[in-house]
Undergrad: 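Handing you a structure now.
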Amino acid sequence: MYEATPASTPQARTTQRYAKCIEASKRISWDIERDVIRGREFDFTKKFLPDGLSKLNELAFLQPNEKLFLSQIQGRTYANIFGLVERYIGAKTLEISKDYWFSDQVALEALVRFTNEELKHQELFRRLEQMAADGMPAGYSFKPQPNDVAGAVLSKSTWAVLGLTLDIELFTQAHYRSSIESDANLSELWKDVFLFHWKEESQHAIMDELEWRREHARLTDSERDQGVMDLIDLVGAVDDIVQMQAQADADYFIACAGRTFAPADEAMIHDVLLKAYRWQYIISGVQEPRFGEVLKALVTPAQMERIGKALAPIMAHVGH
């Protein structure tokens, strides 16, 4: 009878995938000052967020300088959102790593590296916020509080938290590849930030999927069903954050634009920002093929239908 060699067992294959993440982490490792910022400041004559993400082409009544400013507001929030979610991601990854303390030391090293990189990203985004504040008018406010959000997310099941995390890591990569990388009209520093961020997030998504599948395998059917409900709740919480920040950013733009807008135009500014943020932080991730593939493998048709119904109003608003 054939006996599997150590290298052919499922655990060995998983260890090998973690080993590849470690190798990539070492190879692409970067420093905030030396590699990313390099003594530069933001170029405020250029956009931050590309048109493919900002949806500013829907605001035809805005002047070019107004679209420029609104892209910078969106880009500032974009960086702050990632700093926000990485607060809970780092904590969850550190928590999960304890499962490997006395077993797979390769997986443990990979997850510790993951956590360290998330801490570095938080520091980077704090730096960006200060740099943006130095070059933009007073009055901007980032409404969600990272510790409060992290606590709320981490109160949910690990299954749901890992699902949300994979979604975020995948849409980060999709945004860079589809919109940021190809746009030559972005501030060079802002663009480089998300180049280096993308490099490390590529490895994080691999580990997210491995851990989500591992968590799924150990749960009962009822625990998995609770995970689906928790994931739906988390998407709703993300939408609450999106609505709050879209309102704040639209108000900030209108206050700083230097002219008065008709009430209908103000309403459209608010609506387009909400559409843009729902697209950026919810729909683009849900529609990412890899996320859909993994989710479909882990849920039943009835559970998938429930997720679809929860997403339907948001998708209808965005138009996707």
Undergrad: Should the pair R113-E117 be classified as a salt bridge under the 4.0 Å nitrogen-to-oxygen rule?
TA: no
Undergrad: Where the side chain of D230 meets the backbone of A160, is there a donor-acceptor pair that is under 3.5 Å apart?
TA: no
Undergrad: Backbone N or O of W101 within a donor-acceptor pair of the Q105 side chain at under 3.5 Å?
TA: yes
Undergrad: For Q280, run the side chain to side chain donor-acceptor pair (under 3.5 Å) check against K275, H175, K55, Q74 and tell me which one passes.
TA: Q74
Undergrad: Any chance you could measure E129, atom CD, to F142, atom CZ, to the nearest 0.5 Å?
TA: 9.0 Å
Undergrad: Within a reach of under 6.0 Å around CE of M268, are more than 12 heavy atoms found that belong to other residues, nucleotides or ligands?
TA: no
Undergrad: So, for S141 and Q245, which heavy atoms are closest and what is the spacing to 0.1 Å?
TA: O-NE2, 3.0 Å
Undergrad: For the pair F196 and L124, evaluate side-chain contact (heavy atoms from CB on, under 4.5 Å) and give the outcome as yes or no after the intermediate values.
TA: CA-CA 11 Å; F196 284 95; L124 172 62; over 6 Å; no
Undergrad: Keeping the roles fixed (side chain from W212, backbone from W159), state whether a donor-acceptor pair exists under 3.5 Å.
TA: yes
Undergrad: Quick test of your reading of the model: are R126 and E86 salt-bridged, counting only N-O distances below 4.0 Å?
TA: no
Undergrad: Kindly give the heavy-atom pair with the smallest separation between D167 and Y281, and that separation in Å.
TA: OD2-O, 4.5 Å
Undergrad: Side chain of S202, backbone of W198: donor and acceptor closer than 3.5 Å?
TA: yes
Undergrad: Does the pair D104 and T15 meet the rule for a side chain to side chain donor-acceptor pair (under 3.5 Å), with working shown?
TA: CA-CA 7 Å; D104 190 336; T15 299; 2.6 Å; yes
Undergrad: Are E123 and K120 within salt-bridge range, i.e. N to O under 4.0 Å?
TA: no
Undergrad: Are F194 and F125 close enough that their ring centres sit under 6.0 Å apart?
TA: yes
Undergrad: Hey, do the aromatic rings of Y176 and H197 have their centres closer than 6.0 Å?
TA: no
Undergrad: If only atom types and distance count, is the side chain of R213 paired as donor or acceptor with the main-chain N or O of L210 below 3.5 Å?
TA: no
Undergrad: Would you find a donor on one side and an acceptor on the other, under 3.5 Å apart, between the side chain of N116 and the backbone of V112?
TA: no
Undergrad: Look at the rings of F69 and F253 and say which category their plane angle falls in: under 30° parallel, 30 to 60° tilted, over 60° perpendicular.
TA: tilted
Undergrad: For E200 versus S29, what's the shortest heavy-atom pair and its separation?
TA: OE2-CA, 4.3 Å
Undergrad: Going hydrophobic residue to hydrophobic residue with side-chain gaps under 4.5 angstrom, can you get from I307 over to I283?
TA: yes
Undergrad: Quick one: CD1 on I89 to CG on L119, what's the gap to the nearest 0.5 Å?
TA: 11.5 Å
Undergrad: Tell me if the NZ atom of K98 is crowded by more than 12 foreign heavy atoms within 6.0 Å.
TA: yes
Undergrad: Indicate yes or no for a side-chain donor-acceptor contact from H270 to the backbone of E266 under 3.5 Å, with no hydrogens or angles considered.
TA: yes
Undergrad: Would K92 and D208 pass as an ion pair if we require N to O under 4.0 Å?
TA: no
Undergrad: Measure from the side-chain N and O atoms of K143 to the backbone N and O of I241, and report whether any donor-acceptor pair falls under 3.5 Å.
TA: no
Undergrad: With no hydrogens and no angle check, is any side-chain donor or acceptor of S97 less than 3.5 Å from a backbone partner on L108?
TA: no
Undergrad: CG of D99 to CD of E215: how many Å apart, nearest 0.5 Å?
TA: 8.5 Å
Undergrad: Quick one: closest heavy-atom pair of T93 and L111, and the distance?
TA: CG2-O, 3.5 Å
Undergrad: Go through it in stages, so that I can follow the logic: the residues are M136 and Y252, the test is side-chain contact (heavy atoms from CB on, under 4.5 Å), and I'd like the CA-CA distance, side-chain angles, deciding distance and then a yes or no.
TA: CA-CA 11 Å; M136 296 176 72; Y252 171 62; 3.8 Å; yes
Undergrad: Could you tell me whether E23 and K20 make a salt bridge, using a distance below 4.0 angstrom between a side-chain N and a carboxylate O?
TA: no
Undergrad: Which atom names give the shortest non-hydrogen contact between Y18 and A107, and what distance separates them?
TA: CD1-CB, 3.6 Å
Undergrad: Please step through side-chain contact (heavy atoms from CB on, under 4.5 Å) for the pair H204 and H121, ending with a clear verdict.
TA: CA-CA 12 Å; H204 296 179; H121 297 174; 4.0 Å; yes
Undergrad: Are the aromatic ring centres of F42 and F48 under 6.0 angstrom apart?
TA: yes
Undergrad: If you look at every heavy atom in L186 and K46, which pair is closest and at what distance?
TA: O-CD, 3.6 Å
Undergrad: Should E223 and R218 be marked as a side-chain contact (heavy atoms from CB on, under 4.5 Å) after you check the CA-CA gap, both sets of side-chain angles, and the distance that decides it?
TA: CA-CA 10 Å; E223 288 171 331; R218 74 174 192 83; 5.5 Å; no
Undergrad: Relative to each other, are the rings of F261 and F61 parallel, tilted or perpendicular (30° and 60° limits)?
TA: perpendicular
